[in-house]
Amino acid sequence: MHYDQSWMGYGWVGGLQAGLIATVAGALLFALFRWRTRSAWSHGAQMAWAYVLGIVLAASGDLADLFYFNYARLQSVQLLRVKLAEVHDPDGLGTRVLCELLGVAVGIGLAWLASEWMARRR
């Protein structure tokens, strides 16, 4: 889903900002799955579902744009201009998608480390 990206930077700065948003989303989703399915699911299942939902929440809009610009048949230059005008920083779209994918994974990893640290501390 697209969220308002007008405040984000361009290039790597925008990618890192999107990655931080994705990191928070991944960590919160893993914490939610860990809390709700502590005894029923393994760590791997919790991480996998948190990653899939994190990608859907944080990166699906940019992934859809990236897929569209690579595979859609654009019939005219005017249509291309209209579609590009709807995207924030079309030049940095690939960088933003990469940072979002890595951000969700890093967030889940950090949340898992924190949950394991808290469990060992008890």
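Residue numbers start at 1 and run along the sequence shown. As the structure is a computational prediction, the values presented were derived from the model and not from experiment.
The aromatic rings of W112 and H43 lie perpendicular to each other, with more than 60° between the two planes, well past the 30° mark.
Side chain of Q17 to backbone of G9: a donor-acceptor contact under 3.5 angstrom is found. Between the side chain of T23 and the backbone N or O of G103, at least one donor-acceptor pair lies under 3.5 Å. The closest donor-acceptor contact from the side chain of T37 to the backbone of A40 lies at 3.5 Å or more, if one exists at all. Checked by atom type and distance alone, the side chain of D89 pairs as donor or acceptor with a backbone atom of G11 at under 3.5 Å.
Annotation: the span from R34 atom CZ to M118 atom CE amounts to 11.5 Å, rounded to 0.5 Å. Atom CG of L113 and atom CD1 of I108 lie 12.0 Å apart (nearest 0.5 Å). Between the CZ atom of R120 and the CH2 atom of W117 there is a distance of 12.5 Å, given to the nearest 0.5 Å. Taking CZ of F33 as the start and CG of L53 as the end, the distance is 4.5 Å to the nearest 0.5 Å. To the nearest 0.5 angstrom, C99 atom SG is 5.0 Å from L16 atom CG. Remark: L80 CG to Q78 CD distance equals 9.5 Å, nearest 0.5 Å.
You'll find the side chain of Y10 reaches within 4.5 Å of the side chain of H88, heavy atoms only. Side chains of L101 and Y51 form a contact here, defined as non-hydrogen atoms less than 4.5 Å apart. Side-chain contact between N70 and L66 is present, with at least one heavy-atom pair separated by less than 4.5 Å. Within the 4.5 Å cutoff, the side chain of V87 has heavy atoms near those of the R96 side chain. Under the 4.5 Å side-chain criterion, counting only non-hydrogen atoms from C-beta, L84 is in contact with F69. The closest side-chain heavy-atom distance from L29 to V104 is not below 4.5 Å.
Counting all heavy atoms, side chain and backbone alike, M8 lies closest to G14 at CE-O, 3.2 Å. Closest approach of A58 to E100, counting heavy atoms only: O-OE2, 3.4 Å.
Within 6.0 Å of CH2 in W49 there are 12 or fewer heavy atoms belonging to other residues, nucleotides or ligands. More than 12 heavy-atom neighbours from other residues, nucleotides or ligands sit within 6.0 angstrom of CH2 on W7.
Comment: E86 does not engage R81 in a salt bridge, judged by the lack of any side-chain N to carboxylate O separation of less than 4.0 angstrom.
Cation-pi geometry between K83 and Y68 is met: under 6.0 angstrom from the ring centre, within 45 degrees of the axis.
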Give the C-alpha distance, both sets of side-chain angles, the deciding distance and a yes or no for side chain to side chain contact (heavy atoms under 4.5 Å, CB included) between L63 and I55. CA-CA 9 Å; L63 274 172; I55 294 301; 3.9 Å; yes

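No option in I21, L20, L28 other than L28 meets the side chain to side chain contact (heavy atoms under 4.5 Å, CB included) test with V24.
One hydrophobic cluster holds both L93 and L79 under the rule that ILVMFWY side chains link at heavy-atom gaps under 4.5 Å.
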